[in-house]
Amino acid sequence: MKISILDQAPISSGYSPKEALEASVQLALSAERLGFTRYWIAEHHDLSGFACSAPEIMLSYIGAKTKKIRIGAGAILLPYYKPYKIVESFNTLATLFPGRVDLGIGRAPGGSAEASMALSDNFLEGVRQMPEKVMELLHFLHNDFSQDHMFAKLSASPMPETSPEPWLLGTSRKSALMAAEFGSAYAFGQFMSEQDGKDIIKQYRKNFIARGALQKPKVILTVSAICAETTQKAEELALSSMLWKIKAENNEGTDGIPSIEDAKHYFRRLNVEPFNNRNREIIGSPKEVAEQLMDMKHQYQADEIMIVTLVHQFEDRLRSYELISNELIK
């Protein structure tokens, strides 16, 4: 079974952004050692708790330290940028690390309204232009503009022997149909979607049009999972991410992913049951998590499962991935 890692470069309370980014490098190295298919890192802007605002910079560093694992962005937020510059950056990565680079594209803001304003004069206009931007990006990737196009003689150099593999990331039917129309691989973010992912992926597969190197639909299902030696320990580890998400949703200031002790105190003080809403997260022992992941792969008809894990201590996060890999990577 193919499994991969989505890294949000979490900053835990009591730790610095530098330590968070150093942990991301160690996670990528461990992912390669454990046999994960790919390692992606996400783009966020001035979000308390996440350290990576420039995936392409982190990928250049990680690519130089790894040898075979696929590396990519999950995702570059296209509404902010010109496609040409994105492809130049990822073609450079693909030239340095042949056959290993993925270019994941998304349209979320990835931060506050103020961050969107600082990055772009009109983020919403960038979102509206998303289909045109995706098409232009794919033409630059494949170097196949029509002869009468204004960019026909323009190359996003350096041109690698193997182009980055494009992925469209999303959580809705709209993103799935866009990926299908453009013949792109599709990554569905189940861990942050309230919609019926099974039907969304089904629609992607049904409407897929082969337009380039990808001749048939290709799906990654991204899920949130926390694994430990016992279910009780996994649930304890999950308290940190549950509290962080509550504070983030309520726009409460936070200094990063809280400790287990702080989370226990919070839920005890308010007399709140933290596990009332677990429908989007897999939490348990190695066998429990592995069984649920395999079941989800079958239900969603995914080619690959990508796992995001948010806990306070890096050692616990790494151990979670190790336990899952022991069960699923043969």
- Are side-chain heavy atoms of S240 and V311 found at a separation under 4.5 Å?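 S240 does not reach V311 side chain to side chain.
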- Answer yes or no: is there a side-chain heavy-atom contact under 4.5 Å between R107 and L78?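 Sidechains of L78 and R107: no contact.
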Do [X] and [Y] sit within salt-bridge range, that is, some charged N less than 4.0 Å from a carboxylate O?
| X | Y | value |
| --- | --- | --- |
| R128 | E125 | yes |
| K218 | D303 | no |
| D7 | R317 | yes |
| R38 | E304 | yes |
| R319 | E229 | yes |
| K287 | E291 | no |
| K85 | E56 | no |

- Message: Ignoring hydrogens and geometry beyond distance, is a side-chain donor-acceptor pair present between H149 and Q147 at under 3.5 Å?
- Response: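 Short answer, no.
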- Residue pair Y204 / E181, side-chain donor-acceptor N/O under 3.5 Å: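 No, no side-chain donor-acceptor pair sits under 3.5 Å.
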So does [Y] get a backbone contact from the side chain of [X], meaning a donor-acceptor N/O pair under 3.5 Å?
| X | Y | value |
| --- | --- | --- |
| S175 | S172 | yes |
| S155 | S157 | no |
| T66 | I62 | yes |
| N250 | I246 | yes |
| T222 | Q190 | no |
| E43 | L77 | yes |
| K133 | Y81 | yes |

Just distance, no hydrogens or angles: give the donor-acceptor pairs under 3.5 Å from side chains in residues 30-37, sequence neighbours left out.
{"from": "S30", "atom 1": "OG", "to": "Q26", "atom 2": "O", "distance (Å)": "3.0"}
{"from": "E32", "atom 1": "OE1", "to": "K67", "atom 2": "N", "distance (Å)": "3.2"}
{"from": "E32", "atom 1": "OE2", "to": "K67", "atom 2": "N", "distance (Å)": "2.8"}
{"from": "E32", "atom 1": "OE2", "to": "K68", "atom 2": "N", "distance (Å)": "2.5"}
{"from": "E32", "atom 1": "OE2", "to": "I69", "atom 2": "N", "distance (Å)": "3.0"}
{"from": "R33", "atom 1": "NH2", "to": "E322", "atom 2": "OE2", "distance (Å)": "3.4"}

- Residues D196, I200; criterion side-chain contact (heavy atoms from CB on, under 4.5 Å); working and verdict: CA-CA 6 Å; D196 183 359; I200 289 170; 5.6 Å; no
- Task: Share the residues that join I220 in a hydrophobic cluster, the rule being Ile, Leu, Val, Met, Phe, Trp or Tyr side chains under 4.5 Å apart at the heavy-atom level.
- Result: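 Once heavy-atom contacts under 4.5 Å are chained together, I220 belongs with L6, W40, W167, L169, F191, M192, M306, V308.
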